[in-house]
Amino acid sequence: MALSDAFLQDLKMKTDINDIISSYVSLKRRGNTSVGLCPFHNEKTPSFTVYEDTQSFYCFGCGAGGDAIGFIKRIENLDYIDAVKTLAQRAGIQMPDEGYDDSLAKKRRRILELNRATAKFYHNFLMSDDGRIGLDYFLNRGLTKKTINHFGLGYAPNNWDLLLKHLKSEGFTISEMIEAGVVKKGNKGYYDIFRNRVMTPIIDVRGNVIAFGGRVLDDSKPKYINTADTLVYKKTNELFALNYAKDSGDEALILCEGYMDVIAMHQAGFTNAVAGCGTALTSEQVRLVSRYAKSVILAYDCDEAGQKALNKAISLFSQTDVKVKIPSLVGGKDPDEIIKTYGRDKFKAMLEGASNEIEFALLSLRKNSNLNTTQGKLDFLNECIKVLDKTTPIEQDLYLSRLAEELGVEKRSIQSQLDSYHSKRVRNDKRREYKSIVEESVKTARKESYDASVSTRQIKAQDRLLGLLLLYPDCTRLCDKLNADALSEGFVRKVYDFIIAKTNDGLKPDLSAFGQILTDAEMGRLSGIIARSGDSTYAKKEFIDCIDVINSEYKKRNSPDISGMSDDDFRNLFKSNT
């Protein structure tokens with residue numbers, strides 16, 4: 001049973017989309033709208049717009065859009081009904097007792113219940129006599145029992161199906177275990193995926209156990225096994241220990257490579273440490289950091305792989321407003337080893353002495369340059385100019401002064417070269433951006449035209465027609481002039497039919513009503529249509545014009561091709577049409 005229109009309208013009346021989104025995005029007022037940096041893709045120029053009058057949002061950069069429900073659904077990685085519950089709880093509204101049956105939501109809840117039971121099983125086994133080997137591993141790594149309990153660490157026994165049997169006794173089915181990613185089917189039947197490994201549960205910011213990371217006790221391969229993506233977990237979207245770090249009271253997050261680094265740092269008092277989940281840092285994780293911190297300290301391993309990951313992280317964060325600091329970690333290959341060897345205070349001093357990304361880049365260039373030769377200085381300065389190009393004027397002034405003094409070069413000479421490089425780079429960027437926009441626009445139009453067998457002219461007319469229907473409901477009275485069969489199948493026809501059905505029931509179909517029938521991508525498209533529609537002085541006349549275009553294009557597509565017809569064929573065709 002779908003949620004009633006009355007309930008959704010009540011929820012909408014008691015939910016302000018600006019209040020919801022401003023909890024995640026820094027918004028600035030601009031006329032009747034609010035703008036900010038999109039939380040769904042990396043950008044430096046705000047293209048994310050919130051419309052108070054329609055209670056909707058739309059990003060002109062990535063196409064994400066929808067209402068408050070759609071925003072919470074997307075940013076919190078929830079299904080539709082759980083997003084509604086979140087907003088209802090916030091608004092103090094009781095969810096309707098209408099027996100809402102959402103199989104996807106039920107599956108998610110069962111997986112979360114199963115994961116919690118699994119985490120408890122692993123932890124209890126670790127603390128039992130049979131799990132002593134796992135407990136000794138953690139103790140030998142310097143962890144206290146208090147830390148082990150705090151993170152719910154566990155041990156997966158070296159047994160074929162002990163977890164499977166336990167979960168079965170708890171009332172979970174084999175299919176639920178497979179969907180949760182803890183059991184697999186092999187040639188000899190079903191078996192536990194994690195065996196003879198120390199286990200780290202991954203917990204989201206709402207306190208749900210969503211996945212696991214398992215490590216071998218020796219040097220056997222594979223060293224790590226992580227839960228594959230499931231209905232409740234997508235590794236590219238999660239940060240380990242963020243559930244604790246978000247409440248640390250610190251405006252910065254410390255980003256590490258591994259779970260053990262994070263756990264060791266929390267034990268040492270650095271409770272703002274987090275790590276990516278079983279994958280290289282992603283743009284989604286970077287955006288997650290930006291939601292909870294104003295700055296990030298990149299405490300990556302000192303080996304080659306760690307430095308490569310560090311450079312990628314710097315590049316990803318450069319597309320956000322998050323300030324980056326890079327400490328010089330010496331005396332160990334990773335934070336865990338450094339803390340053990342030199343203690344908390346020494347490690348804290350390394351963090352406090354961290355460089356920003358500009359200083360780090362300049363230091364790295366200096367290490368790899370021969371400043372004893374004229375050519376070496378020229379090459380060094382040319383690379384420095386690329387680094388300083390996108391910094392603020394104040395930063396440029398400070399670093400140029402320092403470079404001029406260090407290298408014995410006139411500051412105005414370096415400034416002149418920087419200005420020249422900047423102008424050229426801006427021209428090239430604009431040229432590439434314009435070319436990209438044009439190519440993408442043509443590509444999209446061609447794709448939609450091909451898929452729906454309609455012209456670009458009709459695509460525009462259909463979008464405008466839908467926008468007018470939503471913004472000016474009186475236009476529905478003119479729909480009898482439209483041949484509905486002329487509309488493109490799929491998205492357009494689905495939205496049109498829904499609007500007409502709601503209108504016939506005496507309801508005004510706003511954006512919130514579409515959440516139960518449209519996908520996230522379709523909601524984004526509809527939000528874009530609304531965002532681009534704007535006000536109309538002559539809405540009904542525009543509406544008729546759209547109908548005329550759609551009807552005529554349809555007639556043109558379905559008119560018979562009479563070229564090459566014989567006289568008899570032409571006469572027969574004429575008879576059939578009269």
Side-chain angles (χ1 to χ4, degrees), residues 1-5 7-25 27 36 38-41 48-51 54-59 61-91 93 95-96 100-112 204-208 210 229-239 242 283-285 287-288 290-292 491 494-495 498 509-531:
M1 182 186 294
L3 293 171
S4 69
D5 290 292
F7 170 78
L8 290 174
Q9 280 298 316
D10 188 29
L11 181 61
K12 180 185 175 183
M13 292 294 293
K14 295 179 180 177
T15 300
D16 182 77
I17 196 166
N18 266 303
D19 290 343
I20 299 298
I21 293 180
S22 61
S23 301
Y24 302 86
V25 180
L27 296 174
C38 181
F40 305 121
H41 83 286
F48 182 87
T49 309
V50 181
Y51 301 88
T54 59
Q55 287 292 294
S56 65
F57 72 93
Y58 184 72
C59 175
C62 69
D67 60 347
I69 298 171
F71 181 84
I72 290 296
K73 177 183 174 184
R74 187 160 186 161
I75 203 161
E76 292 290 355
N77 192 29
L78 300 173
D79 57 42
Y80 179 81
I81 192 63
D82 284 338
V84 172
K85 284 181 178 177
T86 299
L87 289 177
Q89 186 176 15
R90 180 180 175 128
I93 301 174
M95 285 291 289
Y100 185 91
D101 180 23
D102 188 296
S103 58
L104 194 62
K106 284 185 176 180
K107 279 185 179 181
R108 284 174 58 90
R109 285 192 289 274
R110 285 294 286 174
I111 290 174
L112 292 174
D204 67 13
V205 292
R206 292 175 293 279
N208 297 312
I210 55 176
D229 288 353
T230 68
L231 276 177
V232 301
Y233 175 66
K234 189 176 182 183
K235 59 180 175 287
T236 57
N237 292 349
E238 302 294 340
L239 289 170
L242 184 60
S283 56
E284 291 89 353
Q285 290 165 339
R287 290 195 291 273
L288 190 56
S290 68
R291 280 171 51 193
Y292 290 96
F491 169 81
K494 181 162 55 173
V495 172
F498 188 79
D510 55 30
L511 197 59
S512 62
F514 290 89
Q516 298 180 84
I517 67 162
L518 298 183
T519 65
D520 288 346
E522 289 172 334
M523 283 292 283
R525 182 175 173 184
L526 185 58
S527 299
I529 289 171
I530 295 172

Output the distance between atom [atom1] ([X]) and atom [atom2] ([Y]), rounded to the nearest 0.5 Å.
| X | Y | atom1 | atom2 | value |
| --- | --- | --- | --- | --- |
| F498 | I517 | CZ | CD1 | 4.5 Å |
| Q285 | T236 | CD | OG1 | 6.5 Å |
| I111 | T230 | CD1 | OG1 | 5.0 Å |
| N208 | L112 | CG | CG | 4.5 Å |
| I210 | L231 | CD1 | CG | 12.5 Å |
| R291 | L239 | CZ | CG | 10.0 Å |

The criterion is salt bridge (Lys or Arg N to Asp or Glu O under 4.0 Å); which residues satisfy it with [X], sequence neighbours excluded?
| X | value |
| --- | --- |
| K85 | none |
| D204 | R206 |
| D16 | none |

Checklist line | Residue pair F514, V495: steps toward the side chain to side chain contact (heavy atoms under 4.5 Å, CB included) verdict | finding: CA-CA 8 Å; F514 290 89; V495 172; 3.8 Å; yes

(request) Check the pair F7, V84 against side chain to side chain contact (heavy atoms under 4.5 Å, CB included), reporting the backbone distance first and the verdict last. (result) CA-CA 10 Å; F7 170 78; V84 172; 3.6 Å; yes

Who pairs with [X] by side chain to side chain contact (heavy atoms under 4.5 Å, CB included), at least two apart in sequence or on another chain?
| X | value |
| --- | --- |
| T15 | L11, I20, A68, L87, A91 |
| I21 | I17, V25, L27, F48, V50, F57, F71 |
| S23 | R90 |
| N237 | K234, E284 |

For [X], enumerate each residue passing the side-chain hydrogen bond (donor to acceptor under 3.5 Å, both in side chains) test, keeping only those at least two apart in sequence or located in another chain.
| X | value |
| --- | --- |
| Y51 | none |
| S56 | T54 |
| N18 | S34 |
| R287 | none |

Item to check | Stepwise side chain to side chain contact (heavy atoms under 4.5 Å, CB included) test for I69 and K12 | outcome: CA-CA 9 Å; I69 298 171; K12 180 185 175 183; over 6 Å; no

- Message: Evaluate Y24 against E76 for side chain to side chain contact (heavy atoms under 4.5 Å, CB included), listing each step before the verdict.
- Response: CA-CA 10 Å; Y24 302 86; E76 292 290 355; 2.8 Å; yes

Can you name the closest pair of heavy atoms from [X] and [Y] and give their distance?
| X | Y | result |
| --- | --- | --- |
| S527 | L511 | OG-CD2, 3.6 Å |
| C59 | H41 | SG-CE1, 3.3 Å |
| Y80 | S512 | OH-O, 4.1 Å |
| F491 | L518 | CE1-CD1, 4.5 Å |
| C38 | C62 | SG-SG, 3.8 Å |

Discussion item. Whether the side chain of Q55 engages the backbone of M13 through a donor-acceptor N/O pair (distance < 3.5 Å, no angle test) should be reported.
Written reply: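 A pair under 3.5 Å: no.
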
Is there a donor-acceptor pair under 3.5 Å between the side chain of R74 and the backbone N or O of F40?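 No.
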
Salt bridge between R108 and D79, side-chain N to carboxylate O under 4.0 Å?
->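 Looking at R108 and D79, the cut-off is met.
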
